[in-house]
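Read the numbers this way: they start at 1 and go in the same order the structure lists the ligands and their atoms.
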Amino acid sequence: MRFKMSSVSEKSIVPSRLLSCLIVFSLFLLISSLLSLSEFGDNSLIPKSVVQLIVMNSTSVSLEPNAKGNIPKSPVKSPVFKRKEDVANKEVASQHRQKTCDKHNAVLRVYMYDLPPEFHFGLLGWKGGVNQTWPNVSERNRIPSYPGGLNLQHSAEYWLTLDLLASDVRNVVRPCSAIRVHNSSEADVIFVPFFSSLSYNRHSRIQGREKVSVDRLLQERLVEFLNGRKEWKRSGGRDHLIVAHHPNSMLVAREKLGSAMFVLADFGRYSTEIANVEKDVIAPYKHMVRTVAVADSASFDERPMLVYFQGAIYRKDGGMIRQDLYYLLKDEKDVHFAFGSVQANGISQAARGMSSSKFCLNIAGDTPSSNRLFDAIATQCVPVIISDEIELPFEDVLDYSEFCVFVRASDAVKKGYLLNLLRGIKKEKWMKKWERLKAIGGHFEYQYPSKPNDAVDMIWQTVSRKKTSTRLNVHRKNRYLGLQLS
Ligand SMILES: *[C@@H]1O[C@H](CO)[C@@H](O)[C@H](O)[C@H]1NC(C)=O
Ligand SMILES: *[C@@H]1O[C@H](CO)[C@@H](O)[C@H](O)[C@H]1NC(C)=O
Ligand SMILES: *[C@@H]1O[C@H](CO)[C@@H](O)[C@H](O)[C@H]1NC(C)=O
Ligand SMILES: *[C@@H]1O[C@H](CO)[C@@H](O)[C@H](O)[C@H]1NC(C)=O
């Protein structure tokens, strides 16, 4: 305003006076009309709520970049979610520079047990000060790192825990879907911070003079701990969230803690009573190959290879199909089909192979899921899913048929079927899936700090969508408890 006035005054003084009078007058008009609008309330043409939003509510300013306030709420219930979620790939961090999240706006309030470090960061070799349970997460480069290599596939436990810790740190900018509360009565869900996958990967073998493995010991102690907690007794564990992403993690404790919600890779090694799609959350693997930036992603014509598969060979159960497909595809010249698990040094080679292929096969192995699907998404290679029992992360809000091709195992092994199908998917149709892959890739990224609609944020949102059914189950269990107490 001031800038405009002075530039006018350079030309002549009289018009500038006139102008300032006009401005003062119009401001007066504006303010008085706004005031009268809010007084008229229901009688006015503009709904009162709109006026309140403009005039009275400072929170509404938060939609402006750089303003202090909350990020727009996670689009959890909105039916337009399918498209809105695409913001995950854009850099939205600059739009929410808020210092703290308002717990009344969070979609999920999480209470986290202060388990001793040997259950979590102690497994990473972290040693805190006396009585220190958690590392200080305010400086990114001082956070204990998770072991690399294949361990990382199952590191969801680590990213979720870090995000809850960050919820208490003012200088970390993160989405506000989930917020940590320190009073369990205020919580929607109780988080159990046990790094069960790392415990399995690192400590499931008996070492030295141990009678039982560290992994088993920790699980037994966890069961004992939980059974003694008022939070567990209150809900029978139904509102507890336990991360057991590695298919072999929590082997000892899973039945005893089966009433809790699990965060899993799939249900392959669980009975349906212990784990099922109603109660539990499927989380992505952390992909092994580096993400290809959307701008660098090769398009249809820039991908000379039709089909890519690299993986271990399995000769039992659902894994038989890999061998069958190998004999069907091995002589095709635009197909890369090779056995051998992707070791650390082979990862960049796999990344190159996948990002120059149109389709990447995701074939059932010894478990229905594998990180290969997430490698394909990270390289925008259209996944071809040949795994009848697979469970997919966030499928209640994502339609995988938009960016994947599903083939029944019984069809895939018919001679000529698979290649006919894939060769029949022409450029235009493929490009549609590719565009969708670029849009949804961000949902499968684990990172610290978490970003809106990334893997961590999506897991919290999924848990929050289960809140109602969890509460229903808790209340059903409580039906007759009230009588006993009174
Ligand atoms: C205004 O903001 C408060 C929180 O600061 C909120 O409770 C209220 O619902 C908001 N009112 C409107 C009209 O948005
Ligand atoms: C650690 O905790 C114990 C038990 O609560 C307490 O007695 C002790 O003073 C604490 N030590 C320090 C250094 O805070
Ligand atoms: C965590 O580290 C930051 C930066 O080094 C420091 O300012 C803060 O006081 C630390 N917090 C705690 C609880 O020690
Ligand atoms: C925790 O929250 C409950 C319910 O809001 C309240 O009654 C209780 O006093 C709180 N406890 C503490 C220690 O603040």
Proximal atoms of ligand 3 relative to Ser138 (non-hydrogen, under 4.0 Å): 1 (C), 2 (O), 3 (C), 4 (C)
Please confirm whether Glu186 comes within less than 3.5 Å of ligand 4 when only nitrogen or oxygen atoms on both sides are compared. no
Note: ligand 3 atoms sitting under 4.0 Å from heavy atoms of Glu139 are 4 (C), 5 (O)
With sequence neighbours excluded, what pairs up with Cys404 under the disulfide bond (SG atoms under 2.5 Å apart) test? none
Verify the distance criterion only: is there a donor paired with an acceptor across the side chains of Asp454 and Trp159 at less than 3.5 Å? no
Test side-chain contact (heavy atoms from CB on, under 4.5 Å) applied to Glu391 - qualifying residues, sequence neighbours left out: Phe267, Val277, Ile282
Using 30° and 60° as the class limits, which term best fits the ring planes of His443 and Phe394: parallel, tilted or perpendicular? perpendicular
Close residues, ligand 2: non-hydrogen atom nearer than 4.0 Å: Val130, Asn131
Listing, residues 111-121 side-chain donor-acceptor contacts under 3.5 Å, not counting sequence neighbours, or none:
unit_1, atom_1, unit_2, atom_2, d
Tyr113, OH, His240, NE2, 2.7
Asp114, OD1, Trp134, NE1, 2.7
Glu118, OE1, Arg221, NH1, 2.6
His120, NE2, Leu115, O, 2.8
His120, NE2, Pro116, O, 3.3

Glu139 and Asn171: side chain donor to acceptor below 3.5 Å: no
Look at the aromatic rings of Tyr285 and Phe374 and report parallel, tilted or perpendicular, splitting at 30° and 60°. parallel
